[in-house]
Amino acid sequence: MERMFSRADLRKLLVPLMVEQALAMTIGMADTVMVASCSEAAVSGVSLIDSVNAVFLWLFPALATGGGVVLAQYIGRGEEENARRSVGQLTLLLVGFSLMISVLFMLFRDELLVLLFGQIEPQVMAYARTYFTVSIISYPFLALYNVGASVFRAVGNSKLSMTVSTAANALNLIGNAILIYGFGLEVLGAGLATLASRILGAVIMLYKLLRPDCRVGMRSFGDLRFQKEMFGRILRIGIPSGLESAAFNIGKLLVASLVTAAITANAVMNTLQSIILIPTSAIHLAAVPIVGQCLGAGKAADAKYYTKWLVGLAYICLFITAGGTLLFADPILSLFKLTPETTAGALRLLRFYFCIVVMLYPLAFTITPCLRAAGDVRFCLIGAMTGMWLGRILCSHLFVSFGWGIMGVWVAIVADWFIRIAFYLPRYLSGRWLKKKVI
């Protein structure tokens, strides 16, 4: 039986996405590692704000998923004019939303930091405030980059976003070296380098979207005029996806205050987790154009087949990345210049994480973007919210009260993942998600 995508098509989509995700992750990691030359307080301040930034690093792509799903299904149907119209509405949504968030966060910056991290040391708070201020300015540029990335992935051109990410990361690393080491700007230098890299990514993506030879790009800024019906289609997918992403990352912030005694070990473990999940992040991004185009073309059997294929690929990738990180844990942890006690704590977390991620993560998370690409976003939201509040948040407080400390927080993650699996796996097997209508 001939499938909609060949193995060559899948490699062409997935390999650049994996490279892009690796490069994107290095922005935050480079800031953390290069700031480590300043002090442990600087590392903690940057890592705390990275946990806030992670909300938007995931929220903007999640909102863009609404446009990506609509766009992919129109492409599957061969309706390129409607696909192009969806791009303008997606741009209007993400850029408008990011500007609103930036203004609100800048107005209430200090109050928000106290609310999230009020118990931390004054020096860590000072570093966090500096890095947060620059990060807020970068949000609209990050949103615009995600518009372009979502559009070009939906048409199968993941190589472009990889190229742009490469250029942005090169600028970030060079900026870090000059501003941190050359001018001694410490955390401010790391923030400014990140801001410059995001501006570059946004400018290139906008230029590509406006080029006449772009298959589904905007023909002019007139495409940004509000179109109620198309905007509504994107929102019906984007809002639940965005809420799901926001709930996940806000939940992580809500339990962050429980680990103040081991804040640096937890921050380092979060960085290592980002490394381990690079391939699966790419797989989740690829699920939208793959499953979306299959369903747009009316090939439900292919959509189910590729979902199973993507889950299997996630298992293979996680065994390699998690196992490799654990195998080379000592030289990797030495990069962070930690105290012996903090290093030992991070290593314990890494060993525990290896055991759970290889068994549970694909079933808890890789099925979800496939369901979302079919338009089954409300069910995904319900599963995510249930797992977050009953598993991660409630169990974290419960286990920490037992005296388990930071390990209690990570055991609660297991509870979260089991709840998600209980929702998503039966849904996939039932085939009900294939009956959803997006366009």
Partners passing salt bridge (charged side-chain N to carboxylate O under 4.0 Å, His left out) against Arg211 (at least two apart in sequence or in another chain)
Asp213
Taking every non-hydrogen atom, the tightest pair across Ala265 and Thr342
N-CG2, 3.7 Å
Of all heavy-atom pairs linking Leu179 and Leu192, the shortest is CD1-CB, 3.8 Å
Side chains of Leu310 and Cys370: does their closest heavy-atom pair fall under 4.5 Å?
yes
Tell me, please, which residues at least two apart from Ile367 pass side chain to side chain contact (heavy atoms under 4.5 Å, CB included).
Val311, Leu363, Leu371, Tyr424, Leu425, Tyr428
Side chain to side chain contact (heavy atoms under 4.5 Å, CB included), that's the test. Do Phe336 and Thr271 meet it? Break it down for me.
CA-CA 11 Å; Phe336 296 94; Thr271 300; 4.0 Å; yes
Give me the ring orientation class for Tyr361 and His284: parallel if the planes are under 30° apart, tilted from 30 to 60°, perpendicular past 60°.
parallel
Apply the test side chain to side chain contact (heavy atoms under 4.5 Å, CB included) to residues Thr194 and Tyr131: give CA-CA distance (whole Å), side-chain angles for both, the deciding distance (0.1 Å), then the verdict.
CA-CA 10 Å; Thr194 300; Tyr131 196 64; 3.9 Å; yes
CG on Leu347 to CG on Leu326, rounded to 0.5 Å:
7.0 Å
Kindly list each side-chain donor-acceptor pair under 3.5 angstrom involving residues 407-416, sequence neighbours excluded, with atom names and distances?
| unit_1 | atom_1 | unit_2 | atom_2 | d |
| --- | --- | --- | --- | --- |
| Trp410 | NE1 | Asn266 | OD1 | 3.0 |
| Asp416 | OD1 | Arg420 | NE | 2.7 |
| Asp416 | OD2 | Arg392 | NE | 3.2 |
| Asp416 | OD2 | Arg392 | NH2 | 3.2 |

Nearest heavy-atom approach of Ala346 to Leu333 is CB-CD2, 4.0 Å
Assess whether side chain to side chain contact (heavy atoms under 4.5 Å, CB included) is satisfied between Thr325 and Ile332, documenting all intermediate values.
CA-CA 8 Å; Thr325 304; Ile332 291 173; 4.2 Å; yes
To the nearest 0.5 Å, atom OG of Ser86 lies from atom CD of Gln227 at 9.5 Å
What closest approach, in Å, do Leu209 and Val147 show between heavy atoms, and which atom pair accounts for it?
CD1-CG1, 4.1 Å
Consider only side-chain N and O atoms of Ser274 and Asn270, and report whether a donor and an acceptor are under 3.5 Å apart.
no
Do Ser161 and Ser158 have a side chain donor and acceptor closer than 3.5 Å?
no
Is there a side-chain contact between Leu71 and Ile75 in this structure, where contact means two heavy atoms from C-beta onward sitting under 4.5 Å apart?
yes
Can any side-chain N or O of Tyr145 pair as donor or acceptor with the backbone N or O of Leu206 at less than 3.5 Å?
no
Around atom OH of Tyr181, are there more than 12 heavy atoms of other residues, nucleotides or ligands at under 6.0 Å?
yes
Hey, does Met205 have a side-chain heavy atom less than 4.5 Å from the side chain of Phe152?
yes
Could you tell me if the side chain of Val291 sits less than 4.5 Å from the side chain of Arg372, heavy atoms only?
no
Within 6.0 angstrom of Phe352 CZ, more than 12 heavy atoms from elsewhere:
yes
Using atom types as modelled and distance alone, determine if a side-chain donor or acceptor of Thr65 lies under 3.5 Å from a backbone N or O of Ala62.
yes
Between Val357 and Pro362, which heavy-atom pair has the shortest distance, and what is it?
O-CD, 3.9 Å
With salt bridge (Lys or Arg N to Asp or Glu O under 4.0 Å) as the rule and sequence neighbours excluded, what pairs involving residues 139-156 come up?
Glu20-Arg153
Keeping the roles fixed (side chain from Ser150, backbone from Asn146), state whether a donor-acceptor pair exists under 3.5 Å.
no
Those residues at least two apart in sequence (or on a different chain) that pass ring pair (Phe, Tyr, Trp, His ring centres under 6.0 Å) with Phe402 are Trp404
Does the side chain of Glu186 reach to within under 4.5 Å of the side chain of Ile180, using non-hydrogen atoms?
no
Rounded to the nearest 0.5 Å, what separation is found between the OG1 atom of Thr321 and the CG atom of Leu277?
7.0 Å
Check whether any side-chain N or O of Gln89 sits under 3.5 Å from a backbone N or O of Gly232 as a donor-acceptor pair, and report yes or no.
no
Which residues pass the ring pair (Phe, Tyr, Trp, His ring centres under 6.0 Å) test with Phe354, sequence neighbours left out?
none
Going by side chain to side chain donor-acceptor pair (under 3.5 Å), name the residues that satisfy it together with Asn82, two or more places apart in sequence or in a different chain.
Glu79, Arg85
With no hydrogens and no angle check, is any side-chain donor or acceptor of Gln73 less than 3.5 Å from a backbone partner on Ala373?
yes
Which distance, rounded to the nearest 0.5 Å, do you find between the CD1 of Ile199 and the CD1 of Ile204?
12.0 Å
Which residues pass the salt bridge (charged side-chain N to carboxylate O under 4.0 Å, His left out) test with Arg427, not counting sequence neighbours?
Asp376
Nearest-0.5 Å distance, NZ of residue Lys12 to CG of residue Leu17:
12.5 Å
Output yes when a side-chain donor or acceptor of Ser334 lies under 3.5 Å from a complementary backbone atom of Pro331, and no otherwise.
yes
Between Gly391 and Ile419 the two heavy atoms that sit nearest each other are N-CD1, 3.8 Å
Residues 107-117, side-chain donor-acceptor partners within the protein, below 3.5 Å, at least two apart:
| unit_1 | atom_1 | unit_2 | atom_2 | d |
| --- | --- | --- | --- | --- |
| Arg109 | NH1 | Thr133 | OG1 | 2.8 |
| Asp110 | OD1 | Arg129 | NE | 3.1 |

Suppose the criterion is ring-ring contact (aromatic ring centres under 6.0 Å, His included): which pairs have a residue in residues 366-390, not counting sequence neighbours?
Phe379-Phe423
Is there side-chain contact between Val438 and Tyr74, with heavy atoms separated by less than 4.5 Å?
no
Audit row: Phe183, Ile178, side chain to side chain contact (heavy atoms under 4.5 Å, CB included) steps and yes/no
CA-CA 6 Å; Phe183 288 89; Ile178 294 172; 3.5 Å; yes
With heavy-atom distances below 4.5 Å as the criterion, would you say the side chains of Glu244 and Thr368 are in contact?
yes
Met18 side chain near Ile283 side chain, heavy-atom distance below 4.5 Å
yes
Report, as yes or no, whether the 6.0 Å neighbourhood of atom CZ on Phe226 holds more than 12 heavy atoms from other residues, nucleotides or ligands.
yes
Glu229: what forms a salt bridge (charged side-chain N to carboxylate O under 4.0 Å, His left out) with it, not counting sequence neighbours?
Arg233
Ser102: partners by side chain to side chain contact (heavy atoms under 4.5 Å, CB included), with sequence neighbours left out
Ile136, Tyr139, Pro140
CG-OG distance between Asn176 and Ser197, expressed to the nearest 0.5 angstrom
8.5 Å
